[in-house]
S.K.: 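Quick one: this structure, given as structure tokens, is what I'll be asking you about.
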Amino acid sequence: MERDCLFEEGEIKALGKIVDISKWQGTIDFAKFATEADMAIVRVQYGSSTEDIKHKEYEAGLKANGVPFGAYAYARFVSVADAKVEAQDFLARADAATKFYVVDVEELTCPASEVVAATQAFIDVLRSAGKKAGLYTGHSFYKTYNMGAVDADFVWIPRYQTNDDGTIHQYVPDMPCDLWQYSQNGRIAGVAGAVDLNTLNGEKSLDWFTGKVSASITEPTAVGDVKVYPYVKITADVWMHSSPDFEVSTRVRVLKAGEIYKNYGENNGLIGIGGGYVSAKYVENTNQVATTTSDVWTHSTPDTDVASRVKVLSAGTSWKIYAETSNNMFKVGGEYVSKSYMTIN
């Protein structure tokens, strides 16, 4: 999956602290863990024969402290049929509060010619149960065994720097992925030893993983019957889409960092800017500057009634414009002025 934001080479956008945990983390103080963790991914099993002895304890601790979590199963299947069995065991063991499921394929335990098909069979079992299903696999394993041919809801790839000190770095995975495991030597409150740390690396937001995404539109502010559209500034070169999605096929043109647009509302993590949509991750609230073309009254409400007049702005003076209304007025601080008497600089 391609990013929408046109990053410079080597630039990283680190989002959130995401930790995967297994029995090797021992006893965890989840009250402390929750102060730093945005999301956890819990190992549930090591093949069908070995259930992680700590996963139930971890799941209970995460739920008690409000940390959303997914689950992963380390694959040991020897065939396509065995992969289906492992997936069913995984489903039976994982907690009902699990937000998403991952099959972890790091080594060949079946013939190389079957690994893609077996992995797909595992994922298909998860999907048939209505689960969000992802693939974790090694950076070199992905390339060697054509794991890009697996159809998963998301892909999770590890890649570390030589001096792995637990910090994020520039060595992002070579292949498209949605989660990047950037360290196996991280630290987090509540765990005595090292942990794996991850970050988002695609278009999928943290809310996509935790199930909080809503496709409903967040409408602009309304003042009476008048809508008020705040301005937003583009923070990085980013694609505009013709519809509220991140599909390559809906890309229209590149918006440049620093450009300013009206915000017509949010839909599924994208901001409507008039004529298209842009990822909410790459905009920030801002204001315009406009100059009065003549002496003009400001109003306490977005109308031109005499009763709502507040003060006169002198001709030729410049003012910050924080928003624009649906009835052609600018918001100047907490007051409103007719657009007819101002020109945006």
Side-chain angles (χ1 to χ4, degrees), residues 4-5 13 15 203 205-208 212-246 250-345:
D4 256 22
C5 183
K13 187 174 181 65
L15 298 171
E203 293 297 352
S205 67
L206 188 67
D207 285 346
W208 185 91
K212 297 177 182 177
V213 169
S214 171
S216 62
I217 296 175
T218 302
E219 293 286 350
T221 302
V223 180
D225 295 329
V226 178
K227 291 182 179 179
V228 180
Y229 302 101
Y231 287 105
V232 290
K233 181 171 70 175
I234 306 299
T235 59
D237 291 358
V238 63
W239 282 100
M240 182 178 76
H241 294 258
S242 60
S243 56
D245 57 50
F246 294 104
T250 65
R251 288 176 175 176
V252 177
R253 63 184 177 88
V254 174
L255 306 181
K256 297 295 185 179
E259 292 179 352
I260 296 174
Y261 298 89
K262 282 192 290 185
N263 177 355
Y264 287 93
E266 185 171 350
N267 187 340
N268 198 29
L270 291 104
I271 300 295
I273 58 171
Y277 300 83
V278 62
S279 171
K281 292 191 295 184
Y282 304 118
V283 303
E284 64 183 12
N285 290 331
T286 187
N287 52 72
Q288 283 276 32
V289 175
T291 301
T292 53
T293 57
S294 64
D295 293 352
V296 60
W297 282 99
T298 66
H299 295 259
S300 58
T301 53
D303 57 56
T304 54
D305 294 343
V306 173
S308 65
R309 288 177 176 176
V310 178
K311 63 177 179 285
V312 173
L313 304 183
S314 299
T317 55
S318 296
W319 304 87
K320 289 183 179 179
I321 307 300
Y322 293 91
E324 188 172 332
T325 70
S326 57
N327 65 337
N328 296 315
M329 300 190 79
F330 284 137
K331 186 176 182 183
V332 183
E335 298 165 17
Y336 301 87
V337 63
S338 173
K339 285 176 57 178
S340 301
Y341 302 102
M342 302 195 82
T343 301
I344 290 180
N345 297 347

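Computed from a prediction, not measured in an experiment: that's the story for all the values here. Residue numbers start at 1 and run along the sequence shown.
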S.K.: How close do W297 and H299 get, heavy atom to heavy atom, and via which atoms?
M.R.: O-CD2, 3.7 Å

S.K.: To the nearest 0.5 Å, how far apart are CD1 in I234 and OG in S279?
M.R.: 9.5 Å

S.K.: Return the CE to OG1 distance between M329 and T298, rounded to the nearest 0.5 Å.
M.R.: 8.5 Å

S.K.: Going from OH on Y277 to OG1 on T250, what distance comes out if it is rounded to the nearest 0.5 angstrom?
M.R.: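 Output value for this atom pair is 10.5 Å.
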
S.K.: I'd like to know if the side chain of S294 reaches the main chain of A315, judged simply by a donor and an acceptor atom lying under 3.5 Å from each other, with no hydrogens or angles considered.
M.R.: no

S.K.: Just by modelled atom types, is the D305 backbone N or O under 3.5 Å from a matching donor or acceptor in the D303 side chain?
M.R.: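 Side chain of D303 to backbone of D305: a pair is present.
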
S.K.: Any sub-3.5 Å donor-acceptor pair from E259's side-chain atoms to K256's backbone N or O?
M.R.: yes

S.K.: Please name the pair of heavy atoms, one in A323 and one in P230, separated by the smallest distance, quoted to 0.1 Å.
M.R.: CB-CA, 3.8 Å

S.K.: Counting C-beta onward and ignoring hydrogens, is there a side-chain heavy-atom pair between T235 and Y282 closer than 4.5 Å?
M.R.: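 In contact.
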
S.K.: When rounded to the nearest 0.5 angstrom, what distance separates NZ in K320 from CG in N345?
M.R.: 12.5 Å

S.K.: Counting heavy atoms not belonging to K233, are there more than 12 under 6.0 Å from its NZ?
M.R.: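 At most 12 heavy atoms, drawn from other residues, nucleotides or ligands, come within 6.0 Å of this atom.
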
S.K.: Less than 4.5 Å apart, side chain to side chain, heavy atoms only: is that true for P302 and N327?
M.R.: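 SC-SC contact between P302 and N327 confirmed.
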
S.K.: Y231 pairs by side chain to side chain contact (heavy atoms under 4.5 Å, CB included) with which of I321, I273, V283?
M.R.: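 The option that passes is I321.
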
S.K.: Looking only at heavy atoms, which two atoms of T292 and S314 are closest? And how far apart?
M.R.: OG1-O, 2.5 Å

S.K.: Closer than 4.0 angstrom, basic N to acidic O: yes or no for K339 and E324?
M.R.: yes

S.K.: Are any non-hydrogen side-chain atoms of T325 and F330 less than 4.5 angstrom apart?
M.R.: no

S.K.: Could you check whether any side-chain heavy atom of M342 comes within less than 4.5 Å of a side-chain heavy atom of W319, counting everything from C-beta outward?
M.R.: yes

S.K.: Work out which heavy atom in V223 is nearest to a heavy atom in Y336; give both atom names and the distance.
M.R.: CG2-OH, 3.6 Å

S.K.: Please confirm whether the ring centroid of Y229 lies under 6.0 Å from the ring centroid of Y264.
M.R.: yes

S.K.: Just how far is it from atom CG of D295 to atom CG of L313, taken to the nearest 0.5 Å?
M.R.: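 Going from CG on D295 over to CG on L313, the span is 9.0 Å.
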
S.K.: For a quick test of reading the model, state the closest non-hydrogen atom pair linking P244 to N267 and the distance between them.
M.R.: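 Closest pair (atom of P244, atom of N267, distance): CG-ND2, 3.6 Å.
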
S.K.: Give the ring-plane orientation class for H241 versus F246, where under 30° counts as parallel, over 60° as perpendicular and anything between as tilted.
M.R.: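 Aromatic pair H241/F246 classed perpendicular.
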
S.K.: Which atoms form the tightest heavy-atom contact between T301 and S308, and what is the distance?
M.R.: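 Shortest heavy-atom separation between T301 and S308 comes out as OG1-CB, 3.6 Å.
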
S.K.: Please walk me through it: do T291 and T343 pass side chain to side chain donor-acceptor pair (under 3.5 Å)?
M.R.: CA-CA 5 Å; T291 301; T343 301; over 6 Å; no

S.K.: With rounding to the nearest 0.5 angstrom, report the CH2 to CG distance, W239 to L255.
M.R.: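 CG of L255 is found 10.0 Å from CH2 of W239.
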
